[in-house]
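Proteins get letters first, then strands, A, B, ... in listed order; numbering begins at 1 in each.
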Amino acid sequence: MHKTPNNQGAEAVVTNCIYFNTPAISKRRLPKRYRVHSLDSKLRLERTKIEARIMHRAKATGTNCPLVLSVDLERCELIETRLNGVKLVDYLQDKKNQKNAKRILADAGTQLAKLHLANISHGDSTTSNFMTDGKSVFIFDFGLSQFNATDEERAIDLLLFFKSVSELQFKYFIKGYAAQYGEKQTKQLISKIREIESRARYVER
Amino acid sequence: MIVLGIESTAHTFSVAIVQKSKGLSKTSKATKRAKTKRQLSSIEVLANASDKYASTLEGYIPRKLADHHAEAFPKLLQQALSDSSISLSEIDAIAFSQGSGIGHCLHVGYVAAKTLSTMLKIPLVPVSHSIGHIEIGREFNCETNDPLVVYVSGGNTQILGLDKKNSKYHVYGETSDIGIGNFLDVLGRKLELKPSDAVGVVNAAQLASKYIEMPYTIRGMNLAFSGLLTYIEKKLIPQIETKKFTKEEIAFSSQETAFAMLCEAVERALCHTNKKEILLCGGNARNARLQEMLKEICREHNVHFACTSFEYSGDQAAMIGLTGIKMLESKCLPKYEAPVQRLRTDLTHVCW
């Protein structure tokens, strides 16, 4: 495997590599020395396992996401197919994409809805975790995802996306989401968002 | 400028006298000799007298706290004045903690401050308690002016950074229910440790090294501690009798779990913001284990670690006086002066 460093995140180190002639990325969870060893190894192992399983299920239900190529539990390493394009956050900032943004945001909504319909919550659904090549949208980084998602977890996903875009952009996004997830059910989730926000500390209720 | 600060948000009542001198320019000999940031600062704490209501197994009862504060005020005022050898007539303004805190306690502080300011005919400055905690660390301990702030105390657990565009602190992550200090305090009482608060938990934790598995609740950069507390209470504490776990092991494991959650959120915020310094402040900044864990993160990411000193970590009035000076100088005062129990850190204007 041939590797080049790409990105040191908070949780894992992501490197570009070639896996059997396929452009791929390796996502490796390095040990954290600040927490006790048994807690650290448990967290890294569990998260790697769940992430692989979730990506597999998501792919099976038709969501656009990377494909898991290999799982190494000893090294806590995942090898996934490499996505082409730019992060949605950068895509939206680029002025020449303005015309296309409406469609791309709606597609992002559709992808998240597909995930939610499969009872998976993403857990970190900000614009930094969507990738687009101008045609289709892919979701990645399932490090905080969960199976058996409740409505609350779905609402949190929407809230996280809402916080990372402008109000108009969210409107486009939710249109695509509702088309896939159902108008009525989406409305319920949006009222759930308000409830979640009011639960925060020291907020006017 | 000399400001008298009054702090009364929770268990501690405190009176401090803080002075800002004009003379200290950057080229003076004193500045060159100064080794620490604190000696470089032109703000000096002349007196910092405080009295803490002792915690008991029943916890803090607002009414009793208020009685304690009302009794402590005259005594502490006398002490602060004699410690600093400054007379009331030399004071330029009164600063008090406006919130967030327990209503009963806030009102005692407000009445005391308002009385002094009316009597002496000097301005009254309402200061946000949480901003006070941050500012004293930024003034005395930080190397840069823009740290990632980890504010941990009884009622608050927040990860913040200065948002220069809106001149406010932006909250990157925080607890969605109880503060980490509150979690440790309640745990101390449930385990019936001595002293029955966070200090008891810290002492007990040093005696154990076996880690017990516990729920680990982190979502993005937000945390939750109440579920962890319920788990410990319902599942682990009953097992002390059967000798499966000891009190010390529970104390050790819960402290490790809670801090690991906090540190993970901090690390995420650090990667998100690319800041070059971490400032640890608030009452639980005294915790040596938490300091050690954050230092480790700082070493890994090559950023500077700053921590408020022991005397200025907990609740005290020096931070209120210091923030009062900054607010007066920048003419950045809130519209209302009445106490606010739920005063969020990210609502106060910070334009200095």
Side-chain angles (χ1 to χ4, degrees), chain A residues 7-14 29-47 50 89 121-129 141-146 149-150 152-164 195-205, chain B residues 99-101 130 155-158 171 174-179 209-214 216 218-222 224 252-253 255-273 289-301 340-347:
Chain A
N7 189 3
Q8 153 103 58
E11 205 183 351
V13 179
V14 178
R29 290 184 159 80
L30 294 173
K32 298 282 174 206
R33 263 183 295 170
Y34 60 81
R35 51 193 178 202
V36 267
H37 181 73
S38 56
L39 173 65
D40 184 52
S41 39
K42 189 194 115 192
L43 284 174
R44 287 191 300 128
L45 184 72
E46 291 293 311
R47 285 177 182 173
I50 289 197
V89 56
S121 67
H122 187 274
D124 194 13
S125 52
T126 60
T127 40
S128 326
N129 287 333
D141 193 359
F142 291 80
L144 292 167
S145 302
Q146 279 179 334
T150 57
E152 168 147 350
E153 280 152 1
R154 292 188 180 95
I156 287 173
D157 275 356
L158 294 184
L159 179 62
L160 285 170
F161 195 89
F162 176 71
K163 283 190 175 171
S164 62
E195 188 201 315
I196 290 167
E197 278 189 304
S198 73
R199 241 185 278 146
R201 256 183 117 70
Y202 305 135
V203 170
E204 294 293 329
R205 285 162 220 228
Chain B
S100 54
S130 1
N156 280 294
T157 301
Q158 289 180 324
V171 178
E174 65 180 322
T175 168
S176 21
D177 40 43
I178 56 176
S209 58
K210 191 186 130 194
Y211 180 75
I212 311 166
E213 275 194 16
M214 286 184 187
Y216 189 87
I218 173 169
R219 195 166 256 157
M221 288 180 258
N222 290 329
F252 169 76
S253 314
Q255 188 183 276
E256 284 295 328
T257 313
F259 288 169
M261 277 156 57
L262 178 66
C263 287
E264 195 181 334
V266 171
E267 196 179 8
R268 232 169 248 171
L270 192 67
C271 285
H272 178 72
T273 56
R289 177 67 185 135
L290 183 58
Q291 290 179 10
E292 192 187 310
M293 287 165 96
L294 285 173
K295 264 184 210 160
E296 183 63 45
I297 292 181
C298 288
R299 209 174 303 136
E300 232 165 74
H301 291 265
V340 187
Q341 289 192 43
R342 299 165 173 274
L343 189 66
R344 271 190 70 88
T345 321
D346 51 1
L347 290 181

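Heavy atoms closer than 4.5 Å to chain B are found in the side chain of A/Q146, but not in its backbone. For a residue to count as touching a neighbouring chain, one of its non-hydrogen atoms must lie under 4.5 Å from one of that chain's; by this rule A/L144 touches chain B with the side chain only. In this structure, chain A has no heavy atom under 4.5 Å from any part of B/M221. For B/R289, the part sitting under 4.5 Å from any heavy atom of chain A is the side chain, from C-beta outward, and nothing else. Only the side chain of A/L43 comes within less than 4.5 Å of a heavy atom of chain B; its backbone N, CA, C and O stay farther away.
In this structure, A/D40 CG and B/E256 CD are separated by 11.5 Å, a value rounded to the nearest 0.5 Å. Separating the CZ atom in A/R47 from the OH atom in B/Y216 is a distance of 5.5 Å, to the nearest 0.5 Å. To the nearest 0.5 Å, atoms CD (A/E11) and CZ (B/R268) are separated by 5.0 Å. Between the CZ atom in A/R35 and the CD1 atom in B/I297 there is a gap of 9.0 Å [rounded to 0.5 Å].
The heavy-atom pair separating A/L39 from B/T257 by the smallest distance is CD2-CA, 4.5 Å.
Using a 4.5 Å heavy-atom cutoff, the side chains of A/Y34 and B/E267 are in contact. By the 4.5 Å heavy-atom criterion applied to side chains, B/E264 and A/K32 are not counted as neighbours. Within the 4.5 Å cutoff, the side chain of B/Y211 has no heavy atoms near those of the A/K42 side chain.
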